[in-house]
Amino acid sequence: MNISIQKFVRDKEPQRYIREYEIPDNSTLLSALQHIKAIDDPTLTFGAGCRSGICGACSVRVNGREELACSYMPKHGDHIEPLKYHGIKRDLMVDKSRAKQTLKTSTAWLHQSQKATITTKDEKLTELQSDCILCSSCYSACPVFAVNPDFLGPFALTRIYRYTADPREGDIKSSIDAIQSDGVWDCTLCGECTAVCPQGIDPKMDITMLRGTSSQYGYMDPNFGNMNFGFDPNAGF
Amino acid sequence: MVDILIVGSGAAALTAALTAKARGASVLVLGKQEPTNSQTSMAQGGINSVLNLERDSVAKHIEDTIKSSRNLSDKAMIERMCHDAPKVIEWLESIGVPFSRCESGAIAQRQLGGAREKRACYSQDYTGLKILHTLYDNILKEDIEYLEDHYLLNLVVDDGVAKGAIVIDISTGETKQIDAKATIIATGGYGSIYHGYTTNAFGSTGDGVAAVLRAGGEISDMEFVQFHPTALKSSSILISESARGEGGYLLNTKGERFVDELLPRDVVARAIYEQISSGEEVFLDIRHLGREKLMELLPQEVHLCKLHEDIDPITQLIPIKPVAHYSMGGIDVDRSLEVRGIQGCFAVGECSNAKVHGANRLGGNSLLEIVSFGRLAGESAYHYAKNRDIPKASDTQLEKDKIHIAEIFNRSNRVNFYEKREGIGKLFYESVGIVRTETALKDALSQLRNIIEELPYIGVGDKSRLYNRNLIELLEFENTLELGEVIVLSAIGRRESRGAHYRDDFKEQRDEEFALHTLCKRVDGEITIGFERSYI
């Protein structure tokens with residue numbers, strides 16, 4: 001069968017073009033890419049690692065939808081492209097540094113570690129969230145980046161939720177403060193992130209939960225504040 | 001000049017970085033991928049530590065580890081690691097690792113093969129993943145500098161003293177020197193030489209081990225490669241030991257069970273290999289556990305079987321084979337983890353041989369080793385670099401490496417190394433694998449040396465300097481060839497059977513002659529193999 005792949009390299013003309021390749025039946029997309037590199041096109045560049053869906057290195061888009069190459073069985077005619085909203089290093093390999101910067105901007109870690117009893121119930125609250133493999137599929141699928149490149153994005157916010165819901169966090173406020181600008185309120189709750197996550201994580205739900213926590217800390221939806229409900233919050237200033 | 005350069009980015013590297021940074025050292029971490037891509041993410045089962053002194057003791061943990069090592073370990077290092085384990089868990093707990101819990105709120109523990117008690121702390125089937133990601137979050141928190149897409153070419157060593165490393169920046173193709181007062185190597189194992197017959201990620205090519213060998217340091221016990229009994233037959237994807245732990249059976253084509261499934265990994269792997277050699281197919285049968293239990297306990301495994309083998313393990317048998325899983329041997333280090341033969345260079349994790357696993361690693365001890373000794377490596381390197389004035393190295397090594405890279409680009413590309421890589425994987429699996437004989441080992445050595453001689457004709461098809469993965473994969477392949485020779489020579493020299501090293505022509509463990517570590521170094525370019533006593 002044949003698949004087509006979007007190629008990109010900075011030091012050649014044309015930089016970007018689409019090439020078709022023949023691949024064997026019954027192999028994962030990652031094995032097919034390896035096959036192409038070994039016998040057909042040694043320049044084909046892509047991320048690869050564990051082959052079993054846990055290292056997060058091989059995420060690509062197939063016919064516009066995010067997939068882990070190691071966990072996808074290709075069909076004849078599939079079109080393979082790099083993730084969206086990431087700089088392209090070469091071919092299918094993307095630069096995740098900007099995406100990962102969101103973890104730093106949002107301060108996705110324990111701010112003030114305290115001793116706490118963690119029950120099985122507490123653990124279940126963030127079990128799924130901490131299954132994240134940082135494949136960046138959700139970042140690629142998120143339409144907010146088309147209008148706001150500074151948005152913190154789904155995986156960073158899920159990670160913030162994972163730490164704020166942890167009984168060991170003694171300073172929830174610092175996390176909440178860090179995600180007000182370009183953060184929880186900028187999400188449109190469209191659920192594209194949830195749909196593409198290979199681990200079944202639901203960032204949309206986590207963001208909704210974080211909005212609740214933000215309200216407890218006195219924050220409110222800035223869009224809501226801008227609406228006119230018959231009183232002007234800036235009146236008198 | 002940075003105080004401490006750390007090469008590699010799995011849990012050992014990140015732990016060492018956090019430790020050294022907390023002490024006040026300047027730290028630079030670099031690796032060929034992103035930190036969260038590393039092999040640590042694949043560790044499933046757990047991390048061993050005695051937490052409940054009513055039913056377990058550190059003494060038992062030490063005894064179990066020594067027993068599994070088959071008299072090929074350093075008791076002092078095992079004691080150090082096992083005594084440190086509760087502090088390791090306490091530290092991981094304090095930085096936010098989401099361990100699974102008991103009803104009481106205590107950290108949950110499970111029993112793994114070779115352990116007499118429930119001793120492995122875990123996070124479902126994602127223990128390595130969750131430890132790695134928590135460490136990564138803390139690397140960001142502590143603002144530790146990390147360079148991705150940097151591949152280790154060689155160490156810079158002047159008169160036996162480490163002064164940093166030569167790396168290739170994969171993004172630009174530039175070869176550059178990084179000066180450091182102390183260097184920590186944490187580059188992982190060398191299982192990828194068994195290409196196609198290993199559970200390891202593609203990058204486990206022993207880059208750091210080979211660099212130490214080239215720099216005049218010593219490596220040891222390289223013949224000890226652990227084979228995991230149950231990987232999927234066609235893809236070598238790991239099916240966790242917990243499948244047998246939960247009651248899975250091993251069956252041959254006749255539908256017979258042929259081995260106690262819960263014996264140590266080396267014994268079970270050999271029993272399966274013998275079946276396969278005699279023409280049988282071997283299957284893992286977990287059907288009797290039932291859909292509900294399988295979906296609750298082994299959902300990852302059910303998914304991987306469907307995807308890679310196109311079978312549903314709830315109703316069908318899983319075809320399996322044993323494949324290379326863990327490198328027990330590696331860079332020879334002293335008790336402070338300093339590399340033997342290179343001052344100021346430290347090694348930690350799967351790339352090192354700290355002599356805690358010996359001839360057979362116990363499940364749950366590798367995650368423990370990388371965090372416990374990751375902290376030790378950070379401490380050791382910090383103390384070494386503190387107040388030390390290291391004159392900057394000359395650029396002799398840098399120039400050599402630039403010439404080597406240019407030479408590779410100029411090579412004719414007459415031989416496709418991807419085909420050779422596949423061939424070597426099969427050759428090693430069959431001849432340097434689970435059951436070994438002198439005849440097969442010597443045959444493998446001559447085939448391997450033939451390929452080494454062909455290297456001047458093994459080039460790259462991709463001539464770009466930018467993100468040239470073709471070049472990196474060739475360099476990785478060269479490392480596996482270099483280490484492959486050492487593995488075979490070591491296996492030939494060890495005329496006995498011990499743990500993972502099984503010789504069909506010398507079936508007995510011969511302690512009076514071979515309770516010794518195999519040591520290897522290059523003298524005037526030639527590989528020399530020697531033996532040294534084990535401090536058990």
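For clarity, every value in this text was computed on a predicted model and none was experimentally measured. When reading the values below, keep in mind they use all heavy atoms of this one structure, side chains included, and skip hydrogens, waters and symmetry mates. Below, read A as the first sequence line, B as the second, and so on, with proteins coming before strands; counting in each chain starts at 1.
For a residue to count as touching a neighbouring chain, one of its non-hydrogen atoms must lie under 4.5 Å from one of that chain's; by this rule I170(B) does not touch chain A. For a residue to count as touching a neighbouring chain, one of its non-hydrogen atoms must lie under 4.5 Å from one of that chain's; by this rule E422(B) does not touch chain A. Within the 4.5 angstrom heavy-atom criterion, no atom of L125(A) approaches chain B. Both the backbone and the side chain of S236(B) come within contact range of chain A, each with at least one heavy atom under 4.5 Å from a heavy atom of that chain. Residue contact with chain A, scored on non-hydrogen atoms closer than 4.5 Å, involves the side chain of L129(B) exclusively. No part of T40(B) comes within reach of chain A, as not one of its non-hydrogen atoms sits under 4.5 angstrom from that chain. If you measure heavy-atom distances from C70(A) to chain B, the contacts under 4.5 Å come from the backbone alone. Contacts between K121(A) and chain B at a heavy-atom distance below 4.5 Å are absent for every atom of the residue. Both the backbone and the side chain of L140(B) come within contact range of chain A, each with at least one heavy atom under 4.5 Å from a heavy atom of that chain. Neither the backbone nor the side chain of C58(A) comes within contact range of chain B, judged by heavy atoms closer than 4.5 Å. When heavy atoms are compared at a cutoff of 4.5 Å, E90(B) approaches chain A solely by way of its side chain, counted from C-beta outward. Contact of Y467(B) with chain A is made through backbone and side chain together, with heavy-atom distances under 4.5 Å. Looking at N413(B), neither its backbone nor its side chain comes within 4.5 Å of chain A, counting heavy atoms on both sides. Residue Q199(A) touches chain B through its side chain alone, counting heavy-atom pairs closer than 4.5 Å. Contacts between T134(B) and chain A at a heavy-atom distance below 4.5 Å involve backbone atoms as well as side-chain atoms.
V9(A) has its side chain within reach of S464(B): a pair of non-hydrogen atoms, C-beta onward, lies under 4.5 Å apart. Within the 4.5 Å cutoff, the side chain of H133(B) has no heavy atoms near those of the S130(A) side chain. Side-chain contact between E148(B) and D95(A) is present, with at least one heavy-atom pair separated by less than 4.5 Å. In this structure the side chain of E93(B) reaches within 4.5 angstrom of the side chain of I118(A), judged on heavy atoms. By the 4.5 Å heavy-atom criterion applied to side chains, S41(B) and I133(A) are not counted as neighbours. K89(A) is not listed as a side-chain neighbour of S171(B), based on a closest heavy-atom distance of 4.5 Å or more.
Taking 4.0 Å as the cut-off between side-chain N and carboxylate O, R101(B) and D122(A) do not count as a salt-bridged pair. Taking 4.0 Å as the cut-off between side-chain N and carboxylate O, D137(B) and R159(A) count as a salt-bridged pair.
To the nearest 0.5 angstrom, H308(B) atom NE2 is 6.5 Å from S52(A) atom OG. With values rounded to the nearest 0.5 angstrom, Q300(B) atom CD is found 8.5 Å from D131(A) atom CG. In this structure, CD1 on I54(A) lies 7.5 Å from CD on Q44(B), to the nearest 0.5 angstrom. Taking OG of S234(B) as the reference point, atom CG of N26(A) lies at 10.0 Å (rounded to 0.5 Å). Rounding to the nearest 0.5 Å gives a distance of 11.0 Å between CD1 of I472(B) and OG1 of T45(A). A distance of 9.5 Å separates CG of L128(A) from CD of Q124(B), quoted to the nearest 0.5 Å.
Of the listed residues (K124(A), Q34(A), K12(A)), the one with the most heavy-atom contacts under 4.5 Å to chain B is Q34(A). Each of D149(B), L132(B), L471(B) has some count of heavy-atom pairs under 4.5 Å with chain A, and the biggest count is that of D149(B).
Applying the 6.0 Å contact sphere to CG of N2(A) captures more than 12 heavy atoms from other residues, nucleotides or ligands. Within 6.0 Å of CE in M42(B) there are more than 12 heavy atoms belonging to other residues, nucleotides or ligands. The neighbour count for K463(B) NZ, taken as heavy atoms of other residues, nucleotides or ligands under 6.0 Å away, is above 12. Within a 6.0 Å radius of CE in M73(A), other residues, nucleotides and ligands contribute more than 12 heavy atoms. Within a 6.0 Å radius of CZ in F409(B), more than 12 heavy atoms belonging to other residues, nucleotides or ligands are found. Counting heavy-atom neighbours within 6.0 Å of E20(A) CD, excluding the residue itself, gives a total above 12.
K130(B) contributes a side-chain N or O that, together with a main-chain N or O of E127(A), makes up a donor-acceptor pair within less than 3.5 Å. Between the side chain of R465(B) and the main chain of D11(A), no donor-acceptor pair closer than 3.5 Å is present. In this structure, the side chain of R10(A) does not engage the main chain of L466(B) through any donor-acceptor pair within 3.5 Å. R168(A) contributes a side-chain N or O that, together with a main-chain N or O of G96(B), makes up a donor-acceptor pair within less than 3.5 Å. Looking at S113(A), its side chain never comes within 3.5 Å of a backbone N or O of I95(B) through a donor-acceptor pair. Side-chain atoms of Q33(B) come within 3.5 Å of backbone N or O of A48(A) as a donor-acceptor pair.
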From CA spacing to verdict: side-chain contact (heavy atoms from CB on, under 4.5 Å), S71(A), L307(B): CA-CA 7 Å; S71(A) 310; L307(B) 179 71; 3.9 Å; yes
Test log, rule salt bridge (charged side-chain N to carboxylate O under 4.0 Å, His left out), inputs R90(A) and D462(B): CA-CA 12 Å; R90(A) 194 169 164 186; D462(B) 185 352; 2.9 Å; yes
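For the pair K100(A) and Y136(B), the cation-pi criterion (under 6.0 Å, within 45° of the ring axis) is fulfilled. Cation-pi contact between R51(A) and F202(B): present, with separation from the ring centre below 6.0 Å and deviation from the ring axis of at most 45°.
Considering all non-hydrogen atoms of both residues, K104(A) and D143(B) come closest at NZ-OD1, 2.6 Å. When all heavy atoms of A38(A) and N416(B) are compared, the closest pair comes out as O-ND2, 2.6 Å. The shortest heavy-atom contact between H111(A) and K141(B) is O-NZ, 3.8 Å. In terms of heavy atoms, P42(A) sits closest to G461(B) at CG-CA, 3.7 Å. Contact detail for T117(A) and G105(B): the closest heavy-atom pair is CG2-CA, 4.4 Å.
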